[in-house]
Structure formats: C-alpha cells, structure tokens
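Every number for a ligand or one of its atoms is a count from 1 in the order of the listing. All values derive from a computational prediction rather than experimental measurement. Heads up: numbering here begins at 1 and tracks the sequence.
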Amino acid sequence: MQIGIVGLPFSGKTTLFSTLLKHKSQDAVGKMSAERGVVKVPDERLDRLTEMFNPKKKVNATIEYLKVPGLEGESAGTRGLPPQFLANLKTVDALLVMVRAFENEYYPHPLNRVDPKADIEFINAEFLLSDLGIVETRHEKLKKLVNKTQDEKDRRELALFEKLKEQLENEKPLREMDFDEHESLILKGYQFLTAKPVLYVLNIEESQIPNAEEIEREFTAYTGKNAAVTSLSAEIEKEISELEEEDAKVFMEDLGIKEPALHKLIRKSYELLGLISFFTVGEDECRSWPIRKGTNAQKAAGVIHTDLEKGFIRAETVHYDDLIRLGSMAACKEQGLLRLEGKDYIVKDGDILNIRFNV
Ligand SMILES: Nc1nc2c(ncn2[C@@H]2O[C@H](COP(=O)(O)OP(=O)(O)O)[C@@H](O)[C@H]2O)c(=O)[nH]1
Ligand SMILES: [Mg+2]
C-alpha cells in the first residue's frame with residue numbers, strides 16, 4: 001500500500017519525508033522525480049508482545065510513502081497538472097497533502113501567504129479540474145458510443161460518468177460518493193485524484209503544538225468520508241527523530257507531548273488505507289501484519305506466506321486484549337479464549353494468529 005506525499009513548494013514535504021525515512025532520503029535527484037520509502041508502522045501492542053515473548057526479532061508492519069513533487073503555486077489552469085506528476089500518482093492508494101501553517105521568512109510561501117485553508121482549497125481545485133477534464137472527455141466519447149452501439153455495458157458506464165461529472169461540477173470530490181463493485185472496477189482504471197482517500201497534514205508552528213488538537217478541530221470541514229486531518233511541526237519532528245531515545249523523551253515532555261506526532265501521522269495513514277493489524281508471536285519473531293478490514297483468516301494467512309493460504313486448516317486465535325488481561329497463552333486457553341477459527345473467520349484488529357496448515 002502506497003501513499004503519495006504532495007503539497008505546494010516549501011510546505012515541508014522533504015522535511016517530513018526524510019524524517020519518516022530516518023534521514024536516508026537522498027532528495028532531489030531530478031526536480032520532478034518521485035522518491036519512495038518504506039516506513040514502519042509504530043504499534044505499542046507489538047512492543048508489549050515483544051516484551052512478553054522476548055523473540056530474536058521484532059518486525060513492524062510497513063507502509064510505503066512516495067514523495068511526489070510538481071505541484072506549483074500558480075494554477076495549472078487549462079494546461080492541466082504536469083503529466084509526470086499525474087503519472088507518479090497513478091499507483092498511490094491515498095494522498096497525503098502537506099499544508100503549510102508555519103511562517104518562515106527565508107522560504108516564502110509561493111503565494112506569499114500562510115493560509116492553510118486557502119491552500120487546501122487551491123490544491124483541491126487543481127485536483128478537481130484535473131479529474132473533470134478526464135471525465136468530460138470520456139463522457140463525450142461514451143455519449144457518441146452509446147448512440148452508435150446502444151450497448152448495455154456502455155450505457156452503464158455513461159450513467160456512471162454522468163454522476164461523476166455532476167459531482168465534480170458541483171465542486172465535490174469523488175471520494176465522497178458511493179460506488180458499487182462494478183463501478184469501482186471501471187474507476188480503478190482512471191485513478192482519479194479526488195477519488196483517493198486523503199490525509200491533510202497541517203505543518204504548524206512549534207509554538208502551536210500545545211493547541212494541535214484544537215487546530216485540527218478547526219479543520220473538521222476537511223474530514224469525513226475517506227478524508228482525515230492531522231497536524232505536526234515537521235521541523236520539530238525532525239529534531240525529535242535525531243535525538244537519542246532518552247533525550248527525545250525529555251524534549252517531548254518539554255513540549256507537552258507523549259509521543260512523536262509522526263507516529264500519529266503514520267497510524268492515520270494506515271487507517272485511511274483501511275488497514276488493520278494482526279500479530280504473530282513466538283521465540284523467533286513477533287510481528288504485526290497489515291490486512292484490509294474484513295479480510296478472512298485464510299486470506300490473512302496468505303499475507304504471511306502463500307503456502308499458509310493454500311494449505312490453510314485452522315487459525316489458532318486469541319485477541320491481544322485478552323492475552324494482556326490474562327497474562328499468558330495458557331491462561332487464555334483455560335478460559336476458552338484461545339479459539340480455533342476456520343477459513344471464513346473475519347480477522348479483527350489485534351488478533352494474534354497461529355496458522356495451522358498442511359502442504
Ligand atoms: N519554521 C518551520 N520551518 C519549517 C517547518 N517545516 C519545514 N520548514 C522549513 O521550510 C523549508 C522548506 O521545507 P521543505 O521540507 O524543503 O519543503 P518542500 O518544498 O515541501 O519539500 C525548509 O527550510 C524547512 O526547514 C516547520 O515546521 N517550521
Ligand atoms: Mg522538497
């Protein structure tokens with residue numbers, strides 16, 4: 001699963017991206033080239049399990065970020081967004097929109113303002129226009145096609161594109177609409193920007209960190225179906241990430257925060273992608289695995305290894321909360337909380353699975 005990081009120049013994309021990657025990013029190979037990086041998803045539950053089982057290895061679930069430059073301060077207007085920018089975003093499952101809410105006189109905002117709401121509106125308008133251009137062209141083609149062929153499949157696609165056109169003309173993103181399976185399949189081929197889930201990241205002033213929650217609430221108009229808001233100071237997160245663990249703790253205490261805002265950002269990205277985690281535990285490794293909400297036990301086994309999916313027999317299952325509450329697997333077994341689940345069992349966030357299989 002991949003998330004595209006976009007935003008206006010000097011909004012803090014590079015600062016955030018290199019912090020996410022623990023400063024392993026090389027940055028700016030070419031002005032328009034995207035950069036990808038794999039990031040661990042922090043999970044306190046996995047940390048607890050690791051303490052409990054003392055394995056040789058701890059392995060966190062990961063998600064991938066792709067930093068995509070190319071969004072400019074002036075409107076792309078009728079020229080449309082740069083083709084390379086659009087091409088780079090084709091593969092991403094969600095967008096992370098970096099929004100500037102900090103002053104920095106050495107790096108002036110491209111439109112000479114610090115107005116996060118105006119920036120969000122600007123970016124959304126750009127994406128909307130880009131989608132509308134594609135929708136209008138396809139809509140025209142479909143109209144002609146249906147006139148000629150009277151084909152039922154084309155007629156259904158035309159009806160879909162009429163809905164899309166109306167939504168975009170009303171200046172609303174496609175992510176707010178509901179689509180059936182057939183429609184989703186058609187849409188997949190187009191990779192519309194406004195259909196992708198979006199996380200708006202407000203890059204705030206250091207002095208605003210204590211008001212972070214309040215600021216986020218001010219932006220509730222931008223939350224909702226497939227959209228979320230979070231805030232951080234990219235500069236401060238960078239500093240935290242460069243400190244030793246103990247120093248970082250003291251530094252965060254001074255700021256009045258319990259954990260890096262970066263962790264919250266990663267978790268919100270994960271949620272936005274519709275992902276939850278299950279765990280595997282043992283002497284060798286404790287590990288969290290990403291699955292889509294609603295995945296059954298057999299498919300979840302396949303995330304670990306295809307053999308486990310093919311030869312799936314049962315999943316020995318206990319929930320993290322039960323294990324922590326009772327303190328041991330043996331106690332869970334005694335209480336009947338260590339269950340044997342079949343292939344159709346829907347895996348829950350926090351389930352600990354041991355797959356029994358036969359190949
Ligand atoms: N004061 C302040 N400056 C920041 C913050 N985040 C980024 N910057 C600075 O803004 C400039 C542009 O940031 P950069 O990450 O390169 O933005 P990009 O153009 O979106 O990649 C850099 O000099 C950063 O140090 C922040 O939270 N506070
Ligand atoms: Mg940059």
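- To the nearest 0.5 Å, the span separating NE2 on His139 from CD1 on Ile134 amounts to 15.5 Å.
- Taking every non-hydrogen atom of Asn104 and a distance limit under 4.0 Å, the qualifying atoms of ligand 1 come out as 3 (N), 9 (C), 10 (O).
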- Check step by step if side-chain hydrogen bond (donor to acceptor under 3.5 Å, both in side chains) holds for Thr194 and Asp131. CA-CA 7 Å; Thr194 69; Asp131 284 355; 2.7 Å; yes
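- Residue Pro9 places no N or O, backbone or side chain, under 3.5 Å from any N or O of ligand 1.
- In this structure, the protein non-hydrogen atom closest to atom 23 (O) of ligand 1 is Tyr107 CE1, 2.9 Å.
- Contacts with ligand 1 closer than 4.0 Å are made by no heavy atom of Glu205, backbone or side chain.
- Contact atoms of ligand 1 toward Phe10: 12 (C), 17 (O), 18 (P), 19 (O), 20 (O) (distance under 4.0 Å to a heavy atom of the residue).
- Nearest to atom 2 (C) of ligand 1 among the protein's heavy atoms is Phe102 CD1, 3.4 Å.
- Judged by distance alone, with hydrogens and angles left aside, the side-chain atoms of Arg36 form no donor-acceptor pair with the main-chain N or O of Leu66 at under 3.5 Å.
- Within the listing of ligand 1, atoms 27 (O) sit less than 4.0 angstrom from a heavy atom of Ile204.
- Here His109 contributes atom NE2 and Phe102 contributes atom CZ; the two are 9.0 Å apart, rounded to the nearest 0.5 Å.
- In summary, Asp349 and Arg45 engage in a salt bridge, as defined by a charged side-chain N under 4.0 Å from a carboxylate O.
- Protein heavy atom at the shortest distance from atom 6 (N) of ligand 1 is Asn203 ND2, 3.1 Å.
- Contacts between Leu16 and ligand 1 below 4.0 angstrom, taking non-hydrogen atoms only, are absent altogether.
- Glu235 OE2, 3.4 Å is the protein heavy atom nearest to atom 24 (C) of ligand 1.
- Summarising the local packing, NZ of Lys343 is surrounded by 12 or fewer heavy atoms from other residues, nucleotides or ligands at distances under 6.0 Å.
- Under the 4.0 angstrom criterion for non-hydrogen atoms, Glu103 is in contact with ligand 1.
- The proximity of Thr15 to ligand 1, defined as any non-hydrogen pair under 4.0 Å, involves the side chain as well as the backbone.
- Salt-bridge annotation for Glu140 and Lys143: present, with a side-chain N of the basic residue lying under 4.0 Å from a carboxylate O of the acidic one.
- If you check which protein heavy atom lies closest to atom 17 (O) of ligand 1, you get Gly12 N, 3.0 Å.
- Atom NZ of Lys141 has 12 or fewer neighbouring heavy atoms from other residues, nucleotides or ligands inside a 6.0 Å radius.
- Thr15 lies apart from the Mg ion (ligand 2) in this respect, since none of its N, O or S atoms is found at a distance under 2.8 Å.
- Counting the atoms of ligand 1 from 1 in the order shown, those under 4.0 Å from a heavy atom of Ala234 are 6 (N), 27 (O).
- In Thr14, the parts holding a heavy atom less than 4.0 Å from any atom of ligand 1 are both the side chain and the backbone.
- Look at Leu8 and you'll find a heavy atom under 4.0 Å from some atom of ligand 1.
- Counting heavy atoms under 4.0 Å from ligand 1, residue Ser11 touches it through both backbone and side chain.
- Using a 4.5 Å heavy-atom threshold, the side chains of Leu265 and Leu96 count as touching.
- Phe85 is listed as a side-chain neighbour of Val6, based on a closest heavy-atom distance under 4.5 Å.
- One finds no salt bridge joining Lys268 and Glu271 here, because no Lys/Arg side-chain nitrogen approaches an Asp/Glu carboxylate oxygen to under 4.0 Å.
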